[in-house]
2 protein chains.
Amino acid sequence: MDKTLLLQSYDLKATPQRLEIVGALYVQGHLNIDTLYSELKNKFPSISLSTIYKNINTMIDKGFLSELKIPSEKNLYELIKEEHSHVICTQCKKVTDIHLNISSLLQEARNISKYKFQKSSIILNGTCPECF
Amino acid sequence: MDKTLLLQSYDLKATPQRLEIVGALYVQGHLNIDTLYSELKNKFPSISLSTIYKNINTMIDKGFLSELKIPSEKNLYELIKEEHSHVICTQCKKVTDIHLNISSLLQEARNISKYKFQKSSIILNGTCPECF
DNA sequence: CTGACTGCAAACGTTTTGCACGGTA
DNA sequence: TACCGTGCAAAACGTTTGCAGTCAG
C-alpha cells in the first residue's frame, strides 16, 4: 500500500506523522486512541495527542477512516475497506473482521420496516476459540 | 408493568426518581442522558445529573438496562427486553426497534469464525419512509 | 514561499467521585 | 433505625480549540 499516495488522493499532505498513523492502522487493523498514541510516541517522542485526534478527524471527514463504537470499550479506528462486520471476544476483547453475507438480513429488514438502507453496523460478541 | 417490583427484584430501592427513570424508558423506548434529565426535571426540579448517571450505571450493572452506542450520536439507554436490532434514520435520527431473525447470520458467523456467540449488536442505517 | 500541519496549553463537555443530608424498607 | 440513594460541588476524563512555530508541496 502506498501511504503517501493514499493521503494525497484525499488532498492531505503526507506528513511523517500521518504516514505512521495510516501505517499502524494498515498493519494492525483496529486501534484505539491510546494505542495509536503510544505507537506513534515511539517514532515521534514529541507527538501530541491532539495531532492524533486532529488527523483522525480529518481522515474520517475525508472518508477513508471509520470509527467503531463498541459497547463498554473505547472507540476503535480502522481504514475503510470493503463493508464488513466485527466479532469481539468477550474474554480477551480481541476484535476481528468478518465478512458476512447480509443481503437476506437487509431484505428482511426492508420488508419489515420499509426503510431504504445505506449502511449497517454489526458487532457480534462471543468467545473466541483460544478463550474457550 | 410494575416498576416497583422490577426495581426490587434487582435489589434496588424503589425511589421516586428511579420509578420515573424506568417509567420514561418504558414509555419512550430509547432515551439519551439529556432527554432523560429534562424529563425528570419536570417531576423533580432539584434532581441532579449525577443521580441519573448513578442510577443508569447501577441499572446496567444489575443487568436490566443496556447502553446503545450509535456512531456520531449520543448514547441511548433502553430497558432490556427480548433481543432485537435497531434501525436508525439517517435523516431524522429516529431510532426504532426491529426484530430480525438472525439465526442464519449467527450460523454463518459461527462457521467462519469458530466463535461461540452470546450477544449481537446490529444497527442498520437508512432512510425512513417519512424522510424519503 | 505559502498554506497546511504540528505541538503545546488551555478550554470544553461529559461522566465520575466524595460527602453530608434525606428517605426507603 | 440502618443503610441506600440523592444532590451538590469538585474532580477526572476524553476530546477540541487557539495559537505560534514548522514543514510539505
Side-chain angles (χ1 to χ4, degrees), chain A residues 2-24 30-62 64-77, chain B residues 2-25 31-62 64-77:
Chain A
D2 189 329
K3 292 169 274 182
T4 302
L5 227 59
L6 170 70
L7 287 166
Q8 291 178 343
S9 74
Y10 285 97
D11 295 316
L12 295 180
K13 293 193 173 173
T15 66
Q17 293 89 337
R18 281 181 180 160
L19 292 169
E20 193 64 19
I21 291 177
V22 172
H30 327 81
L31 295 175
N32 65 31
I33 286 284
D34 299 336
T35 322
L36 213 38
Y37 185 47
S38 19
E39 296 276 315
L40 280 259
K41 266 281 190 206
N42 293 332
K43 220 155 197 167
F44 311 99
S46 70
I47 200 173
S48 87
L49 244 185
S50 65
T51 299
I52 311 228
Y53 274 114
K54 283 171 187 165
N55 279 320
I56 278 176
N57 285 333
T58 56
M59 290 177 193
I60 290 175
D61 290 346
K62 292 294 181 179
F64 64 97
L65 195 73
S66 75
E67 191 179 44
L68 185 55
K69 288 193 166 191
I70 306 171
S72 60
E73 295 293 322
K74 305 201 76 175
N75 295 344
L76 297 181
Y77 301 93
Chain B
D2 188 329
K3 292 169 274 180
T4 303
L5 227 59
L6 170 68
L7 287 165
Q8 290 178 344
S9 74
Y10 285 98
D11 295 315
L12 295 179
K13 292 192 174 172
T15 66
Q17 293 88 338
R18 282 182 180 160
L19 290 169
E20 193 65 19
I21 291 176
V22 172
L25 289 168
L31 295 175
N32 66 30
I33 285 283
D34 299 336
T35 323
L36 212 38
Y37 186 47
S38 18
E39 296 276 315
L40 280 260
K41 265 281 189 206
N42 293 332
K43 222 156 196 166
F44 311 99
S46 71
I47 199 173
S48 88
L49 246 185
S50 65
T51 298
I52 310 227
Y53 274 113
K54 282 172 188 167
N55 279 320
I56 278 175
N57 285 333
T58 56
M59 290 177 192
I60 291 174
D61 291 345
K62 292 294 182 179
F64 64 97
L65 196 74
S66 75
E67 191 179 44
L68 184 56
K69 289 194 165 189
I70 306 170
S72 58
E73 296 294 322
K74 304 201 77 176
N75 295 346
L76 297 180
Y77 301 93

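Residue numbers begin at 1 in each chain, while the letters A, B, ... track the order of the sequences.
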Worksheet item: Expressed in angstrom and rounded to an integer, what is the separation of A:L19 atom CG from D:dC23 atom P?
Response: 15 Å
Worksheet item: What integer distance in Å separates A:Y53:OH from C:dC5:C1'?
Response: 19 Å
Discussion item. Tell me whether the side-chain N/O atoms of B:T15 come closer than 4.0 Å to OP1 or OP2 in D:dG5.
Written reply: no
Practice prompt. Would you kindly give the NZ-to-C1' distance between A:K13 and D:dT22, to the nearest whole Å?
Written response: 11 Å
Practice prompt. Using a cut-off of strictly less than 4.0 Å, decide whether B:N55 has a side-chain nitrogen or oxygen near OP1 or OP2 of D:dT6.
Written response: yes
Fill in: Presence of B:K74 side-chain N/O under 4.0 Å of C:dT14 phosphate oxygens OP1/OP2
yes
Worksheet entry | Backbone of B:E73 reached by a side-chain donor or acceptor of A:K69 within 3.5 Å | yes
Worksheet item: Taking atom C1' of D:dG25 as reference, at what distance in whole Å does atom OH of A:Y10 sit?
Response: 20 Å
Discussion item. Counting only side-chain nitrogens and oxygens, does A:Q17 get under 4.0 Å of the OP1 or OP2 atom of C:dG7?
Written reply: yes
Discussion item. Quick check: closest heavy atoms across B:T4 and B:A14, and the distance to 0.1 Å?
Written reply: CG2-CB, 3.6 Å
Worksheet item: Do side-chain atoms of A:R18 reach the backbone of A:K13 as a donor and acceptor pair under 3.5 angstrom?
Response: yes
Fill in: Whole angstrom value for the distance that separates C1' of D:dG5 from CD1 of B:I47
11 Å
Worksheet, complete the sentence: Of B:I33 and B:Q8, the one whose nearest nucleotide on DNA chain C sits closer to the 5' end is B:I33
Discussion item. Just the rounded figure in Å: distance from C1' of D:dT6 to CD of B:E20.
Written reply: 16 Å
Item to complete: Report yes if at least one side-chain N or O of A:S46 is closer than 4.0 Å to OP1 or OP2 of C:dG7; otherwise report no.
Response: yes
Worksheet item: Closest to the A:L49 side chain: C:dC5, D:dT15, C:dT24?
Response: D:dT15
Worksheet item: Under 4.0 Å between a side-chain N or O of B:T51 and OP1 or OP2 of D:dG7?
Response: yes
Response to the item:
The residue, B:P16 or A:L12, whose nearest nucleotide of DNA chain C is more 5′ is A:L12
Worksheet item: Rounding to a whole Å, what distance do you find between B:L7:CG and D:dC4:P?
Response: 16 Å
Worksheet item: Do other residues, nucleotides or ligands put more than 12 heavy atoms under 6.0 Å from A:K41 NZ?
Response: yes
Fill in: Atom pair distance, as rounded to whole Å: CG in B:N57 and C1' in D:dT6
15 Å
Worksheet, complete the sentence: Of B:D34, B:N32, B:T35, the one forming a side chain to side chain donor-acceptor pair (under 3.5 Å) with B:K74 is B:D34
Discussion item. Distance criterion of 3.5 Å, no angle test: do you see the side chain of A:K54 paired donor-to-acceptor with the base of D:dG18?
Written reply: yes
